[in-house]
Amino acid sequence: MIKRNQQVLLARINKMKQATDVEEYQKYNGFSGLLKAIDMDKETILDELDLAQLRGRGGAAFPLGKKWRHLYGAKGETKYIVCNADEGEPGTFKDKALLEHDPLSVIEGMVIAGYLFSAKAGYIYMRGEYRRIQKVFQEALDNAEKAGFLGENILGIKGFNYKITIISGAGAYVCGENSALLNSIEGKTGRPRVKPPHLADVGLYLQPTLVNNVESFAGIPVILREGGQAFLDLGTKDGGGTKLICLSGHIKNRGLYEVNLGTPLQEILYSEEYGGGSSTGHPLKFIHFGGQSGPIGAVQNLDACIYSYKGLWDKDLSVGSGAIVVMDDQVSVVDYLVQVAAFFAHESCGKCTPCRLGTTRILELLKKFNTQTAVTGDLERLEKMLMHVTNLSACGLGQSVANPMKSGLAYFPEEFEAGIRETAVSVKGGLW
Amino acid sequence: MSSLSLSEKEAIILENDSDPQRILNMLIAIQYASEEGYIDEETAKLVADRLHLSQARVYEILSFYAILKTEPQARYVLKICNSTPCLFTGGDRLAELLEMILEVPEGQPTPDGLFMYHSIPCIGACDQGPVIKIKDTVFGKLTEAKVYQLIDDLQSGRYQEL
């Protein structure tokens, strides 16, 4: 039985001595989700997933049950299972923990998908910066195969043949975008594809393909083991389960935590169990949610905010990848956004013009505000540019560039205006 | 790339089943195993040949992905993170500090070929910033004193494995 306020995804991480050991993994409920799944009718598996309301943990928050059902209905001889482990979102380091300290849970989730979709091949695309973890994960794959959970006739089921291959990324944020990721697996440069067609219909090597995040796959065995309702009960109506969150920035206890969706944000920021408040002695000013492409919220407006999908949507914020980057009142929002814009200008793949040039123009404009050299009309130009890049870019990278900028502008307009009046005082971090 | 023999490079390609899907795995493995830390023309040609790809395709990949390099690197490449969680918790001082200690600008090797530093966007150690990463090893929660110590240690050969 799992209850609220107990660790679910991190439970094993704190207990297991050897993360890649199958026997030890089984001692802590490992592979019991898969064992249940193979005794279930495939439609029932899909029903449980729908009931669980697991939303995609990579950041898009799309209901996983719907995605799986779409692939289930897709026509194709071969279906591929892909795990997106290209965690490159600044402020996010949750997948790293699962990949390194509980790799078999991710593997189990991927094997369940392999079973459900009768897939022969699964891929895990892991960022190049996690090269050391790739070795750990390979060891876990080898051990799982030796124990009969991967390979030929898995668990003695005739024809259940399924293998997982690790593909390394090599330093490109855009490869976290699912279609770019598939191109990269195919040995091409990781530039996104034009969509539609949906990847569930035309994905890897043009075959129907499932792409899910590491944390999403790790949640699958929990759903099947405990039931969809139990998983839903861990979270809120609009999103079941727990969420791995990454606290960083000017917060005392930086690190990875697992919280129930529905936990008050104040508790996450200030309680000693989690953030513990400001690390600098200065009051907290704003929070960047979900990674660089997520929105920014002003701390003073978030007193009653609940950390859940709806709780954040109500405040025009989002859970995203689970990153919570906290800044104190010594940081100017414009300063902060210049760095965010520089990130996007650097990471734009260059395939589509609105993103390639738009991210550069946004960076230039923000720098003008930052150096108090902006002129009348620049604010309107910035807003227009944000709108263009959002609406005209081909993939999620360009489409989400404006999220932090627009929310920063909405909450702290005076800091932008100060960049025009040439009277602003720019304060930068640097605390050591 | 003199430090890796032809057979060592071939072994890495074979470990990856000469599978074009795993071209990034092999290019990174070859690069990290070599002392010069880059993929030279001869190696790119070898990989293209073994995987039945054009050299242009291999170079397209080499120029697209940030980890892959086509120029010789210093013995120790110090990667500093310039994303906001690191930058605003002290990371903004790292580049300055390294320039002061090593007396070279970002991206340029020291005259003895031992050090080089450059910024990268996020290494997944946001809770430990400011950080320096050398190959697969992260040195986190740095202070000025720790950075001086790290450079000294590297100079004196304490981290031969890197």
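All of these numbers come straight from a predicted model, not from anything done at the bench. A, B, ... follow the sequence lines: proteins, then strands. Residue 1 opens every chain.
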Subject >> From A/Lys96 atom NZ to A/Glu100 atom CD, the distance as rounded to the nearest 0.5 Å >> reply: 7.0 Å

**OP:** Against chain B, work out which of A/Gly128, A/Pro90, A/Ala170 has the most heavy-atom pairs shorter than 4.5 Å and name it.
**Re:** A/Ala170

**OP:** Go through the atoms of A/Thr165 and report whether side chain, backbone, both or neither lie under 4.5 Å from a heavy atom of chain B.
**Re:** side chain

Original post:
Taking every heavy-atom pair that is under 4.5 Å apart, which of B/Ile23, B/Ile123, B/Leu68 has the most such pairs with chain A?
Top reply: B/Ile123

Original post:
Non-hydrogen atoms of chain A under 4.5 Å away: do they reach the side chain of B/Ile120, the backbone, both or neither?
Top reply: side chain

Subject >> Identified side chain to side chain contact (heavy atoms under 4.5 Å, CB included) counterpart of B/Leu53 within the set B/Arg50, B/Arg57, B/Gln55 >> reply: B/Arg57

Original post:
Which residue out of A/Ile166, A/Val340, A/Val326, A/Ile133 racks up the most heavy-atom pairs below 4.5 Å with chain B?
Top reply: A/Ile166

Subject >> Option in B/Thr137, B/Thr84, B/Ile61 with maximal non-hydrogen atom pairs under 4.5 Å from chain A >> reply: B/Thr84

**OP:** Check the angle between the aromatic planes of A/Tyr123 and A/Tyr80 and answer parallel, tilted or perpendicular using the 30° and 60° thresholds.
**Re:** tilted

Subject >> Exceeds 12 heavy-atom contacts within 6.0 angstrom, atom NZ of B/Lys135 >> reply: yes

Original post:
Judged by atom type as modelled, is there a donor-acceptor pair below 3.5 Å linking the side chain of B/Lys133 to the main-chain atoms of B/Ile80?
Top reply: no

**OP:** Considering only heavy atoms and a distance below 4.5 Å, find which of A/Arg132, A/Glu89, A/Glu347, A/Arg131 pairs most often with chain B.
**Re:** A/Arg131

**OP:** Sort A/Arg127 into side chain, backbone, both or neither according to what part of it lies under 4.5 angstrom from a heavy atom of chain B.
**Re:** side chain

Subject >> Heavy-atom pair count under 4.5 Å with chain A, highest-scoring of B/Gly129, B/Ala125, B/Ala29 >> reply: B/Gly129

Original post:
Where does A/Met126 contact chain B at under 4.5 Å (heavy atoms): side chain, backbone, both or neither?
Top reply: neither

**OP:** Sort A/Thr92 into side chain, backbone, both or neither according to what part of it lies under 4.5 angstrom from a heavy atom of chain B.
**Re:** backbone

Original post:
If you count heavy-atom pairs under 4.5 Å with chain B, which of A/Gly190, A/Ala342, A/Cys246 comes out on top?
Top reply: A/Gly190

Original post:
Quick one: do the B/Ser7 and B/Glu10 side chains pair a donor with an acceptor below 3.5 Å?
Top reply: no

Subject >> Donor-acceptor side-chain pairing of B/Ser3 and B/Glu36 below 3.5 angstrom >> reply: yes

Original post:
Side chains of A/Ser179 and A/Glu177: donor-acceptor distance under 3.5 Å anywhere?
Top reply: yes

Subject >> From OG (A/Ser293) to CZ (A/Phe343), nearest 0.5 Å >> reply: 8.0 Å

Original post:
If you count heavy-atom pairs under 4.5 Å between each of A/Gln292, A/Gln134, A/Glu186, A/His346 and chain B, which one has the most?
Top reply: A/Gln292

**OP:** Please determine, among A/Ala323, A/Gly350, A/Gly88, A/Ser248, the option with the most heavy-atom pairs under 4.5 Å with chain B.
**Re:** A/Ser248

Original post:
Cationic tip of A/Lys285 within the cone over A/Phe412's six-membered ring, i.e. under 6.0 Å and within 45° of the normal?
Top reply: yes

Subject >> Residue part contacting chain B, namely of A/Lys188, when any heavy atom lies under 4.5 Å >> reply: both

Original post:
Measuring heavy-atom distances to chain A, does B/Asn82 have an atom under 4.5 Å in its side chain, in its backbone, in both, or in neither?
Top reply: backbone

Original post:
With no hydrogens and no angle check, do the side chains of A/Glu87 and A/Tyr130 hold a donor and an acceptor under 3.5 Å apart?
Top reply: yes

Original post:
Where on A/Leu247 is there a heavy atom nearer than 4.5 Å to chain B: the side chain, the backbone, both, or neither?
Top reply: backbone

